[in-house]
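Below you'll find the structure, written out as structure tokens, and then a few comments.
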Amino acid sequence: MEILVMVGQLILGLSILVGLHEWGHLITAKIFGMRVEKYFIGFPPKIWSIQRGETEYGVGAIPLGGFVKISGMVDESLDTKNLSAEPQPWEFRAKPAWQRLIVMLGGIIVNVITGVIIFIAITYYEGYDYIATKDVKYGIVAHKLGHEMGLRTGDKIVAINGKAFDDFAEVRKVFLETNSYYTVERGGQRVDVYVPNNFIEKISDKKNAGEFIDPIFSFKIGELVPGMPAAKAGLKPGDKIVKLNETPINFYHDIQDALDKTKNQAVTLTVERGGQTIQLPVKVSPEGTIGFYPDKDLKITHIDYSFGESIAIGAGRAFSVVTDNIRGFGKIFRGEVSASKALSGPIGIAQMFGGIWDWGRFWFLTGLLSMVLAFMNILPIPALDGGHSVLLIYEMVTGHKPSDGFLEGAQKVGMVILLGLMVFAFGNDIFKLFR
């Protein structure tokens, strides 16, 4: 069932974005009097279509893309049978270069507008929840990757790249940058801890989930998992664990460490409840858990934004997706991160949506993908909008139009590149599933 939910969210999100992208091409073409022969969401074979005027609107069986067919344009269909005749007034090739450029950029522009609107709406309706750096008063827990980097449990991160910061989540935003470092307070001194330039490769590996850092926090028992040792032993929401056997428990990572050392053993928990101290025998599971969620003593700061503020902040968040992609590609080209670990295809994207249908996460990821789709399409690869746009800009600057034969050849090269990238993305996703 979870797989169906993942696939359903991926298909819905991509169908919305592809439909809007291709509509951007369609509407700009029609504005300039070009004949649009087909508008399809999905690739052939055709499932359904309807004719409206000069345009056939339809849905294809392969839901990972879409297309518009504009008369007189060399596109992915490679239909060039009519290009030897004189250009007709309604054809793409008969229009001025600046009009053709707007048509080629129409899909990208619509995707950018869509992404910005989604991020503005999320910012306005949800506001922002974050943990303030000043409220991480006990410092951090350094897990395996954090310890490898040089961080230590109890460190207080006070600056990133020499600058103070308010939102604790910013400690993870430096992975796309180069030569970044944290400044921490440790034992009354300040120490700089440098982030390896290839660290994003390690942190993005699903095997390393939860292996970086967390804030240190005290806790009480929150929700209990039915049938697990904690519930069977009589623990209740609101209980405060102060000891496991003779080991003092002050923070949540203390109980995690103590349980990890007593896997599959019978232990005694000393618990404070209603002003009294009681002892409860508990059998720790072989995985080192007893089955409860912590009620964290960690302040969450919430900010609500006015509509005007949401426009500026939401737009900034949308365009940060593009800048993050540029930084990510920069790391790949510099050899700091391998492409196989940094890039994901449809399977990886579906996993991002998750097996539970959460509309908040759905729209966030759809907005993110809209900006990514715009960025990918602007790349100067033949067969992509960016490749067409580069040739049109060349024509506008030089006054010389590339021949139809050259355009056809460039389209073929671009299709080979895109098919190669698709094979790589699918293969890489499948490889990651079995790692």
Side-chain angles (χ1 to χ4, degrees), residues 2 129 131 133 135-157 168-169 171-172 184 186-187 193 199 202-300 351 354-356 435:
E2 288 188 357
D129 291 328
I131 300 169
T133 302
D135 292 324
V136 186
K137 50 190 175 184
Y138 301 115
I140 62 160
V141 182
H143 300 300
K144 183 180 72 173
L145 291 184
H147 202 271
E148 287 180 8
M149 181 189 292
L151 296 168
R152 297 293 179 262
T153 295
D155 286 351
K156 293 183 178 179
I157 303 176
F168 187 74
V171 299
R172 292 178 174 270
V184 304
R186 179 188 299 165
V193 178
F199 192 74
K202 295 182 178 181
I203 202 74
S204 60
D205 192 325
K206 64 181 181 182
K207 294 187 299 184
N208 293 324
E211 292 292 344
F212 181 43
I213 63 172
D214 285 307
I216 293 175
F217 59 88
S218 56
F219 72 101
K220 292 182 179 180
I221 300 296
E223 183 181 350
L224 294 162
V225 180
M228 289 289 287
K232 291 179 178 178
L235 276 169
K236 296 181 179 180
D239 286 351
K240 181 176 176 62
I241 300 174
V242 295
K243 277 187 183 181
L244 186 150
N245 292 336
E246 296 305 314
T247 302
I249 304 297
N250 297 305
F251 303 106
Y252 185 61
H253 72 279
D254 292 334
I255 189 68
Q256 288 180 307
D257 292 343
L259 290 171
D260 190 60
K261 294 173 182 176
T262 55
K263 293 177 180 178
N264 210 28
Q265 297 180 28
V267 300
T268 300
L269 296 180
T270 302
V271 175
E272 290 182 357
R273 178 188 296 168
Q276 296 182 328
T277 300
I278 61 174
Q279 293 186 326
L280 299 172
V282 179
K283 177 67 181 294
V284 182
S285 75
E287 294 76 30
T289 61
I290 57 176
F292 74 91
Y293 296 97
D295 180 5
K296 302 178 183 180
D297 181 20
L298 194 58
K299 182 180 177 182
I300 304 296
Q351 290 176 322
I356 299 174
R435 285 186 60 194

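- Between Gly291 and Ala230, the shortest heavy-atom contact is O-CB, 3.8 Å.
- The environment of Lys220 atom NZ is sparse: at most 12 non-hydrogen atoms of other residues, nucleotides or ligands sit within 6.0 angstrom.
- Minimum interatomic distance between Val136 and Pro215 (heavy atoms only, all atoms of both residues): CG1-CB, 3.7 Å.
- Counting only heavy atoms from C-beta outward, the side chains of Val284 and Ile290 approach each other to under 4.5 Å.
- For the atom pair Lys137 NZ and Ile216 CD1, the distance stands at 12.5 Å (nearest 0.5 Å).
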**Prompt:** Is there a side-chain contact (heavy atoms from CB on, under 4.5 Å) between Lys236 and Ile221 once you walk through the steps?
**Reply:** CA-CA 7 Å; Lys236 296 181 179 180; Ile221 300 296; over 6 Å; no
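- Counting only distance, with no hydrogens or angles, the side chain of Asp297 and the backbone of Ser218 share no donor-acceptor pair below 3.5 Å.
- Separation of atoms OG1 (Thr289) and CD (Gln256) is listed at 11.0 Å; rounding is to 0.5 Å.
- For the side-chain contact (heavy atoms from CB on, under 4.5 Å) test, residues two or more places apart in sequence or in another chain that qualify with Asp257 are His253.
- Ile278 CD1: more than 12 foreign heavy atoms inside a 6.0 Å radius.
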So Thr270 and Thr277, side-chain contact (heavy atoms from CB on, under 4.5 Å) or not? Walk me through it. CA-CA 7 Å; Thr270 302; Thr277 300; 3.4 Å; yes
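- Within the model, atoms NZ of Lys261 and CG of Leu244 stand 10.5 Å from one another, a figure rounded to the nearest 0.5 Å.
- For the pair Ile255/Phe219, a side-chain contact is recorded, criterion being any heavy-atom separation below 4.5 Å from C-beta on.
- Judged by distance alone, with hydrogens and angles left aside, the side-chain atoms of Asn245 form a donor-acceptor pair with the main-chain N or O of Thr268 at under 3.5 Å.
- Between Phe212 atom CZ and Lys202 atom NZ the span is 12.0 Å, to the nearest 0.5 Å.
- Shown here for Gly227 and Ala231, the closest heavy-atom pair between the two residues is N-CB, 4.4 Å.
- For the pair Lys263 and Glu287, the minimum side-chain heavy-atom distance is 4.5 Å or more.
- Residue pairs meeting the salt bridge (charged side-chain N to carboxylate O under 4.0 Å, His left out) criterion with at least one partner in residues 272-286, sequence neighbours excluded, are Asp239-Arg273.
- Separating the CG atom in Leu269 from the CD1 atom in Ile241 is a distance of 5.0 Å, to the nearest 0.5 Å.
- Here the side chains of Tyr293 and Val225 are in contact, with some heavy-atom distance below 4.5 Å.
- Pairing each heavy atom of Pro226 with each of Leu224, the nearest pair is CD-O, 3.4 Å.
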request  = Go through the steps for Leu280 and Leu235 under the test side-chain contact (heavy atoms from CB on, under 4.5 Å), then give the verdict.
outcome  = CA-CA 8 Å; Leu280 299 172; Leu235 276 169; 3.9 Å; yes
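- The two residues Pro281 and Ala233 make their nearest non-hydrogen contact at O-CB, 3.4 Å.
- We find the CD1-CG distance between Ile213 and Leu151 to be 6.0 Å, quoted to the nearest 0.5 Å.
- With a 4.5 Å cut-off on side-chain heavy atoms, Ile203 and Arg172 count as touching.
- In this structure, Thr153 and Ile140 have side chains that are not in contact, with every pair of non-hydrogen atoms separated by 4.5 Å or more.
- The shortest distance between side-chain heavy atoms of Phe199 and Leu145 falls below 4.5 Å.
- The closest side-chain heavy-atom distance from Tyr252 to Val141 is not below 4.5 Å.
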